[in-house]
Each structure stands twice: as C-alpha cells, then as structure tokens.
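Reviewing the structure listed below.
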Amino acid sequence: MEQRMKHFTSRCLGCFTWQERPDPGSAPNEPVYIPLLAPLPLHTLQRVQLPAGLPDDGRSASDRKRWWTFSHFVTHEQNYLDALHKLQYELYNPLLVDDAIVDRNVSYAIFAVHRQICRLHQFLQPLLERCVHGWDERNRSIGWLVWAIVGQPALLPLYRSFASGYPDAVGRFAQEMTRNFLFSWFVTGRLRGLGERLSFSDYFIAPVQRLPQLVLELRELSEATPASDPDRAVLERCVQRAVYLAEQLNVARERADLIQRVVGGDGRRCQFLHSELLVETGVDGRPSGTRWRLVVLLSDRLVGVDPALGDLEWAIPLQELQVDSRPTDGSVCSHDTFGYVRDFQTVTQMRELVCTFHHQQPTLGEGVFAEILDTIWSIVLPAKQTEREATSLQVRGASGERHYLKTGDAARKQEWLDWLRLARLALHPTNATAWWVGAAHLPQEAPLDRPLLVRTFRAGDGRGVWSVSGTRQAHCTTTNTHLPTFPWYPQVSGGCCYMPRTDSPAYTNELYRAWSTGKHILWVGSSRAADGDGDGSGSSRISLYTHDRTTHAVDERACFTLAHAQVTCLEHVPAGSVGDVPPDTVWIGTRRKLLIYSATLPLVGARLGQLRVKGTPNRLLYSARRLLLGTGTGRLLIFSIRPDGVWDLRTPQQLCLHGGSVEAMVSHRSLVYLAAGTRLHVFDSVAGLVVQTNRSPATTPADRQAIVLLRCTIHGLWIVRHRSSAISLYHARCFKHLLDVDVRELAGPVLANVQLSVTSLAIADDRLLWVGTNAGVVLSMQLPAHASVPIRPDLHGVACHGHLRDVSLILPMPSLRMRSAEAVDTVLDPALIDLLYGGTRNGARDFVVRMVGVQVDQIGYVDTDSEGSRCDQTPASEEEEESCEREEHEATWAPNSTLIVTGGQGYGRWYPKTTDTSGLGESTDWTREPIDEQENLILWEMRLT
C-alpha cells in the first residue's frame with residue numbers, strides 16, 4: 001500500500017504547468033481565446049553541413065567521433081525543422097487562409113503550440129548555420145550553440161504545453177477527420193503531395209520525441225569532447241539542462257493524465273497548479289477518520305483524491321472556496337501602528353525611569369509596565385501560533401462541509417494559502433483579459449503565467465494616513481483639509497523602494513525593529529504643475545506605503561505635501577548619517593532643491609537637510625557609499641561620507657560631463673553608467689572617477705537623440721533615446737550594439753494607430769523587461785536566465801490595464817524568497833557577439849569608446865551585489881552584509897512572487913471593439929476606456945518561475 005502511495009505521489013507532486021485559465025462559462029471543447037493569426041511567414045531552410053575531409057586525415061579518434069556526432073546533430077536538427085515546416089506551411093497556413101475547410105477554433109487547438117515550436121526553431125536555425133560555417137581547424141566550439149538552444153526561456157513552456165495537450169490535439173484531429181470529409185480530403189491530399197510515406201501522426205509526434213533525442217545527442221557530444229577542452233564544461237551543463245527539460249515533459253504528461261482521471265470530461269478546462277499529499281483528519285483535528293489525501297489545486301477548483309485508488313473524494317469550486325485560517329499578519333494598519341510604536345517607546349522610557357526610584361512604588365512597579373508593553377506588542381505583531389494552528393488548514397465550499405487538512409509544517413501551510421490566494425486572484429474578471437500576447441498565446445497557458453492585476457489606487461489621497469499636526473514642519477500636511485482647492489489629478493513623477501536597515505540605530509525601538517523586519521517601504525512622488533506654467537511652482541505629494549513581504553499586503557503609511565516643489569527623483573540611501581540622525585535616509589530631488597528625510601518617517605518627521613542645487617536635479621543614485629546627483633546642466637555632484645560616518649553636504653565633488661543634461665544613471669557592479677546627451681560616461685564607484693566616455697555614432701538619426709533611460713542586466717545595457725519607440729541593447733563592456741526592440745511592433749494591434757515612445761524601463765525578477773509608454777500602456781518582455789542565450793523580442797505581452805498618459809514609474813518589489821544565485825554565464829563573452837546577435841546587430845551603431853586616463857584592463861568590474869535582499873542593489877559595508885546574512889538566516893516563509901507598481905496618470909483599460917474572428921490578420925480596432933482619472937498607481941503580482 002505504501003509503495004503504491006509513494007509511486008502515485010512521486011508522479012503527481014511538483015510545481016505548476018503553463019496552461020490556460022478557462023472561462024467557466026465557455027463550452028468544454030471551445031478555446032477561450034482565439035487570436036486572429038496570419039499565416040506563418042515563409043522561412044527558407046538552407047541546409048548546411050560540416051566541411052568534408054574526415055575520417056582519414058590523421059586526426060585523433062575523439063576528434064573523429066566529435067565530428068560525426070556533431071554532424072548527426074546538425075542533420076537531425078534540420079530534419080526536425082523541415083518536419084515542422086511541412087505541417088505548418090502545407091496544412092495550417094492554408095487553413096488560416098480558408099477557414100471554410102475546418103472551424104478556426106479546431107485548427108487552432110491542434111496546431112497553435114506546434115506553430116510556436118516551429119517559430120522557435122526558425123529563430124535558432126541561423127545560429128546553427130553560423131556555427132557550421134565557422135567550424136575549422138582552429139575553431140571547433142559548439143558549446144555556445146547548444147547552450148543557446150537549451151537555455152531559451154520559451155523552450156520548456158512550449159514543449160511542456162505540447163506534451164500535456166498532445167492527446168487532446170490528436171483526438172481532435174481524429175474526430176475531425178472522421179466527421180469532416182472536406183478536412184479529411186484536404187489533409188490526405190496535402191500529405192500525399194509531400195512525396196513521403198508518413199502520416200500526420202508521424203509528423204505531429206516529432207516534438208514529443210525531440211527532447212529525449214536531444215539528451216542522447218548531447219551526451220554523445222559531451223563524451224566525445226576531451227576533458228581539457230573548454231567546451232566540455234559547457235556541454236555538461238547542457239546535458240543537465242536537457243535532462244531536466246525531458247523530466248518536466250514526463251511530469252506534464254502525468255499531470256495531464258491525473259486531471260483527466262479526476263475531472264473527466266472537463267479535463268481540458270482545468271490546469272494543474274499545485275498538489276501535495278496531506279493528512280485529512282476528523283472534525284476539529286480529531287484522530288478518528290484520519291487518512292491520506294492527495295490534494296490537488298486546479299485552475300478552477302480544489303479537489304481531494306484517494307492516493308491509492310485515484311478516485312475523486314471531494315471537489316470545491318474556487319469561487320465558493322472558504323478557508324478558515326487565522327491571519328498571520330498584524331491586526332492594525334500601518335498608520336495606526338506608529339501610534340502604538342510611540343506608546344511602546346514612551347512606556348519603555350517610563351519603565352527605565354521607574355527603575356531609578358529610591359523607594360518602591362506599588363502602583364508603578366516594573367510588572368505593570370511589562371504588562372502594558374506585552375499588550376501593545378500583541379496588538380501590533382501576531383501572536384505565535386501553536387503547532388496545531390500552524391499546520392491545520394480547513395477548507396469548505398458553499399455546501400458548508402468542512403475538510404480538515406494537516407500539512408507537514410507551518411511553511412507548507414503558508415504555501416497552500418498563497419497558492420489559493422493567487423488562484424482565486426487569477427479567476428477575477430479583471431484578470432480574464434489582463435494581457436494581450438497575440439500570436440505568442442498558448443492554448444494551455446497557465447493562469448499564473450502572466451502578471452496578475454491586484455488593484456489600483458491613488459498616490460497621495462491622504463485617506464487615513466499619518467498626520468503631522470503638532471510638528472514644526474508646516475510643509476508636511478496630510479489631511480484633506482490642508483490640500484489645495486483645485487482638483488488633484490497628479491502625475492506620478494518618481495519613486496523608490498527599499499528594505500529598512502533594521503540594524504541601524506534608527507531602529508532602536510524594539511517593537512518598531514521587529515515590525516519593520518520583512519517589510520518594504522515604498523515612496524512615491526506625484527506632482528501637479530500650477531496652472532500649466534511649468535515653472536516649478538506647482539505642488540508635489542510624497543506618499544509612503546508599507547509592503548509586508550510575507551503576506552504581500554500593501555498599506556498606506558504616511559503622506560505629506562511639498563508646496564511649490566516639483567519632485568523629479570527619489571533615492572534611498574542606506575548608509576551615512578545626516579547630522580545627528582542615524583543612517584537610513586531618503587533623498588528627494590525637486591526642480592531647485594535636494595531634500596533629505598529619515599527613512600523611518602513618520603517616526604522622524606522632521607526634514608533632515610535641504611540643499612539648493614544649480615540646475616534641476618534630474619537623477620539620484622546611491623552606489624558604494626557615494627550619492628551621485630546629475631543635473632540638467634550636465635553637472636555631476638558626488639556626495640561622500642566623511643570618516644566620522646556623516647554625509648559631507650557642503651563640499652561635494654563636482655564634475656562637468658560633456659554631452660548635455662544628465663538624464664539617466666544605472667549601476668552595474670562597481671560601475672555607474674551616466675547618460676549626458678548622446679554620450680555615455682562610465683563612473684568607477686570604488687575609485688571615485690570617470691574612467692570612460694563613449695560617444696554615440698552619428699551615422700543614424702536615431703543615435704543623434706539624447707539618451708533618457710538606462711537599465712542593466714546580465715545581457716547588457718538597455719538604452720532608450722528621446723521620444724523613441726526603440727529599446728537598444730549594447731554590450732556592457734565593449735559597448736557594441738546587439739539588438740533593437742521596437743515597442744510599436746510588440747504592441748501590435750493594441751497601439752497600431754498611436755505614436756509611441758518609451759517613457760520608463762524596469763527589470764523584474766531578472767527575467768522580465770517591463771516597458772512603459774507615453775500612451776499609458778505597459779509591456780513586458782521575457783529575458784533568458786543566462787547572458788549567452790540570445791533574446792527573442794517576440795516573447796512579450798501587452799497589458800490591457802494601464803494608464804491614460806505617460807507611464808513614468810515601474811518599480812519592482814523583490815520577493816523575500818530570493819532566487820538562488822548562479823555563478824556561471826553572467827557576462828556575455830565579446831567573442832560570441834557576432835555569433836549570437838549576427839542577425840540583429842548593427843555595427844554602425846557601436847559606441848565610440850574613449851578611455852579617460854585608464855586602460856580598459858584596469859577598470860574594476862567588482863561585483864558589489866552583496867546586498868541581494870535590497871531593492872537598490874547597492875554595495876554594502878561589512879556591518880550591512882552581516883546584518884543581511886543574519887536576516888536571511890532568520891527569515892520566515894515568504895510568497896514565491898513579486899509585486900510590481902506602475903505609475904502614471906489615470907487608469908484605463910484597452911479592449912478590442914469587436915470579437916469577430918472571421919477575418920485574417922490581427923485586428924487593429926482597439927480602443928481605450930478611461931476608468932478613473934485619479935487612480936495613478938497599478939499594483940501587479942507576478943509569480944516567480
């Protein structure tokens with residue numbers, strides 16, 4: 001019995017698959033979303049082969065074996081692409097042109113994933129050709145090619161989706177061949193015209209067989225490569241990756257079988273999300289009636305299965321699901337918490353004062369104060385759960401029947417609660433069409449594959465937040481009675497997110513330090529110009545939010561108004577004191593001034609410092625215990641920390657950067673890239689000087705525009721120019737052009753008739769590039785996990801929920817559950833640039849590099865990302881590193897997801913005017929529906945893969 005249970009469990013447990021969330025109201029056999037696909041563009045397969053001359057040319061046996069093995073690999077890959085082409089160009093393309101042969105929904109359900117696999121291998125074919133053409137006596141490197149193939153982010157979801165949907169697709173095809181004579185005649189004639197004695201099944205099963213074949217081929221390649229060859233280590237990693245991919249295909253097929261057995265005819269409407277073998281107990285956890293239960297979370301229901309027989313015991317629709325569990329977060333909101341924190345500090349001081357009495361006072365004993373402190377503590381922080389409470393999970397449906405489940409530990413219970421929360425969020429109507437992905441859509445796409453819309457809110461509405469009445473700062477007014485009388489429709493102008501430095505003396509309050517652990521603090525600046533004069537005399541509002549990283553609850557923390565000031569940038573500075581206030585501050589740039597506040601605000605509400613700056617402070621960046629301020633006049637102010645640990649605000653280092661206004665800054669390891677006009681300067685944070693000045697070429701009109709946005713990933717440096725719709729990728733060291741991504745092409749029909757330009761960029765989870773536009777639309781593009789894997793721009797999505805105008809802020813809030821660091825393939829080898837990006841790179845757009853008194857090999861690319869848990873990813877001191885290690889060691893469970901905040905002006909939704917699917921091509925009839933002029937922030941949640 002135990003062996004059968006373990007076997008069944010091992011086949012069914014694991015993570016979610018990438019499948020589609022069905023519409024509960026749709027028919028079981030009808031896909032929910034059928035994109036209007038155009039025929040696949042013609043792709044000419046130019047077959048290549050290795051140079052002849054083997055095997056009798058005096059080479060070693062290992063060289064000959066490697067030649068033969070790679071030659072077979074090249075042949076198999078090209079034959080596989082040829083088989084994919086035959087089904088797409090001979091069958092599916094004609095069906096898209098003339099849907100009178102078969103219903104478009106049916107053909108889409110059969111061929112859609114196959115089409116995406118074909119597109120993927122068309123993208124990889126030029127890499128294979130370059131590798132074969134470059135093969136000679138001196139260059140026999142093939143590891144880069146194989147790694148570029150197995151490292152593609154779309155490879156696993158595509159093949160997993162195809163494997164799980166293969167039985168259904170074959171069944172649909174057979175059914176249509178039986179009942180539709182015209183379709184049967186068409187398919188038979190087309191296959192006969194290919195001149196091969198292969199059936200549809202012989203062609204269609206090729207993707208299912210490809211990954212197991214790939215594992216065998218890569219093992220042969222690895223074994224044929226000498227241990228001393230640099231390719232050997234790369235090929236061994238490729239083998240491990242290919243084995244993992246093949247195992248995931250088996251898991252996907254087994255989960256599909258499980259769903260079919262449990263759900264029956266509704267199987268194709270459900271997608272697997274999570275499962276675990278739990279103990280189902282009797283009423284109130286009584287041992288009577290205890291039995292094992294395989295609990296499976298599907299996209300629309302929670303089911304309990306007998307693990308021995310595989311029979312369905314109970315099922316609860318997610319819309320009716322009720323979970324009885326005591327909340328693990330505090331019972332008070334952020335703005336009320338600070339009142340208790342102040343009371344806690346006052347009572348603590350009173351207790352210390354009582355201890356100095358010479359004579360004991362019965363009514364003022366230490367026990368009285370200890371009881372008050374315990375009461376306040378229990379109000380702010382949740383009480384520790386008993387073992388039974390921490391592992392018990394009660395679920396019930398509309399019928400009221402309860403099911404008492406017991407998890408192995410408290411972390412597993414929290415994992416279940418998080419899965420249930422996300423699954424129900426995915427079923428919300430706003431997330432039914434939250435993203436448009438066009439031709440990249442998969443019929444079996446998971447409901448949690450795309451970011452989910454959590455809610456929208458208005459920055460600085462001042463409802464129920466901290467009031468500074470009683471303080472001496474008249475500019476910090478928060479209640480609505482102090483706000484300007486004009487309608488406040490602010491534009492979000494900047495923001496920052498950070499994890500409090502609880503090791504700083506600023507957090508000496510024991511209750512406040514405990515409450516701040518595991519929190520994010522979000523500062524958002526929103527501005528409104530006064531009557532459109534644009535002279536900086538308008539007002540700005542700073543809104544603070546607290547993000548609990550263990551529950552993903554976002555709560556208003558504080559809000560204050562800066563009269564006659566336009567906020568341009570904000571930056572969290574974890575190190576250095578300002579005056580006698582301990583470290584951990586936030587610096588705010590306005591049109592004329594630099595303002596400094598405590599990061600513990602509102603506990604410390606007074607403004608710590610104020611500097612008048614010549615020229616508008618455009619950008620602020622903290623790096624390696626230095627604060628860099630770039631102005632609109634091209635000056636760079638560098639503030640440093642004195643030996644006594646206090647910021648030197650009076651005598652900053654000043655540099656004049658050639659090129660013009662400093663519009664963008666981004667840190668990469670120990671370096672900071674600064675954009676001044678069309679020039680790109682490189683500042684060494686360790687040395688404290690500019691080491692490179694790179695000039696944009698004047699060969700194209702686009703390169704004559706100023707650089708306004710910079711972001712850096714392991715793939716390189718992402719650059720956006722003034723009023724441009726293109727995002728350019730450059731190598732981060734040699735500054736060679738790699739790739740151009742035009743958001744006008746990515747947006748497709750959503751913004752077909754809009755003049756687009758990119759207004760904001762952000763990197764979320766190191767795997768998604770988020771893009772904000774002047775039209776208020778947000779896009780996301782998937783990035784590979786490794787630097788040596790080429791990027792496919794068509795792996796993108798367009799958010800149907802967005803803003804009415806410029807998206808000025810995209811701010812990811814990293815998960816407390818950090819991704820395990822991978823030490824390999826974090827920098828793109830310059831020798832691979834032409835091989836990986838030969839089809840997209842434009843050599844005429846390379847930057848002209850000029851060193852500034854430093855040789856290129858002397859530039860220190862020191863990895864300073866030791867503060868992996870900090871949002872700003874800035875270098876840390878030894879004390880900060882020890883604190884982060886201690887916090888990580890003591891960290892509790894956290895959701896496996898991250899939040900992203902987008903800010904702009906207003907909130908609206910994009911949707912197609914018509915749902916007609918009879919025409920060809922992609923519809924351009926999309927419109928925007930303004931929903932709220934005042935909601936200027938959108939909160940998204942994205943599950944980590």
Side-chain angles (χ1 to χ4, degrees), residues 618-619 621 623-624 626 628-636 638 653-724 726-741 758 761 763 787 827-834 837 840-862:
N618 286 339
R619 293 293 180 267
L621 180 66
S623 177
R626 286 185 172 88
L628 280 65
L629 186 153
T631 69
T633 57
R635 289 195 310 154
L636 179 66
I638 306 171
Q653 180 184 358
Q654 298 189 38
L655 299 177
C656 183
L657 301 179
H658 298 287
S661 174
V662 179
E663 295 291 340
M665 291 191 290
V666 66
S667 61
H668 175 59
R669 299 185 177 180
S670 62
L671 303 180
V672 175
Y673 299 100
L674 306 102
T678 61
R679 294 177 181 263
L680 187 64
H681 303 273
V682 182
F683 179 83
D684 192 324
S685 300
V686 177
L689 50 85
V690 175
V691 295
Q692 275 186 355
T693 297
N694 308 306
R695 177 174 54 84
S696 299
T699 54
T700 61
D703 292 325
R704 303 189 189 107
Q705 300 295 322
I707 300 172
V708 295
L709 293 173
L710 290 174
R711 287 295 180 268
C712 200
T713 63
I714 59 174
H715 317 90
L717 191 63
W718 300 87
I719 294 178
V720 176
R721 297 183 181 269
H722 180 60
R723 293 184 178 179
S724 174
I727 310 170
S728 300
L729 176 63
Y730 285 82
H731 194 276
R733 294 189 181 180
C734 61
F735 301 99
K736 290 185 176 180
H737 176 265
L738 304 179
L739 173 73
D740 283 329
V741 179
V758 178
L761 280 179
I763 308 299
V827 178
L828 175 61
D829 186 353
L832 298 178
I833 290 178
D834 290 325
Y837 293 97
T840 58
R841 116 171 200 84
N842 183 358
R845 300 196 61 193
D846 295 346
F847 275 92
V848 179
V849 180
R850 186 175 71 88
M851 311 305 298
V852 185
V854 181
Q855 298 297 325
V856 67
D857 55 354
Q858 295 177 343
I859 300 177
Y861 291 89
V862 181

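Remember, predicted model here, so these are calculated numbers, not experimental data. The residues of the chain are indexed from 1 along the displayed sequence.
No side-chain donor-acceptor contact under 3.5 Å links H658 to the backbone of G677.
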- Message: What verdict does the side chain to side chain contact (heavy atoms under 4.5 Å, CB included) test give for L621 and R619, after you've listed the backbone C-alpha separation in whole Å, the side-chain angles of each residue and the deciding distance to 0.1 Å?
- Response: CA-CA 7 Å; L621 180 66; R619 293 293 180 267; over 6 Å; no

- Checking side chain to side chain contact (heavy atoms under 4.5 Å, CB included) for the pair D740/I727: CA distance, chi angles, key distance, verdict? CA-CA 6 Å; D740 283 329; I727 310 170; over 6 Å; no

- Task: Test side chain to side chain contact (heavy atoms under 4.5 Å, CB included) on L628 and L636 and set out the steps.
- Result: CA-CA 7 Å; L628 280 65; L636 179 66; 4.1 Å; yes

- Task: Might you work through the side chain to side chain contact (heavy atoms under 4.5 Å, CB included) test for Q654 and R635, ending with a clear yes or no?
- Result: CA-CA 7 Å; Q654 298 189 38; R635 289 195 310 154; 2.5 Å; yes

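Taking CG of L709 as the reference point, atom CD1 of I719 lies at 10.5 Å (rounded to 0.5 Å). For the atom pair OG1 (T693) and CZ (F847), the distance works out to 11.5 Å, reported to the nearest 0.5 Å. Remark: L738 CG to D846 CG distance equals 8.5 Å, nearest 0.5 Å. Considering OH of Y673 and CG of L717, their distance stands at 6.0 Å, rounded to 0.5 Å.
For the pair S696 and R721, the minimum side-chain heavy-atom distance is below 4.5 Å. For the pair T631/L629, a side-chain contact is recorded, criterion being any heavy-atom separation below 4.5 Å from C-beta on. Counting only heavy atoms from C-beta outward, the side chains of L729 and Y837 approach each other to under 4.5 Å. Counting heavy atoms from C-beta outward, V690 and L657 have side chains that approach closer than 4.5 Å. Put simply, the side chain of I833 reaches to within 4.5 Å of the side chain of L828, judged on heavy atoms. Counting only heavy atoms from C-beta outward, the side chains of D834 and R841 approach each other to under 4.5 Å. R695 places none of its side-chain heavy atoms less than 4.5 Å from the side chain of R850.
Defined by atom type and a distance below 3.5 Å, a donor-acceptor pair is missing between the side-chain atoms of R723 and Q705.
Of the options T713, V666, V758, L710, a side chain to side chain contact (heavy atoms under 4.5 Å, CB included) to W718 is made by T713 and by none of the others.
Residues forming a side-chain contact (heavy atoms from CB on, under 4.5 Å) with V849 (at least two apart in sequence, or on another chain): Q692, N694, F735, M851.
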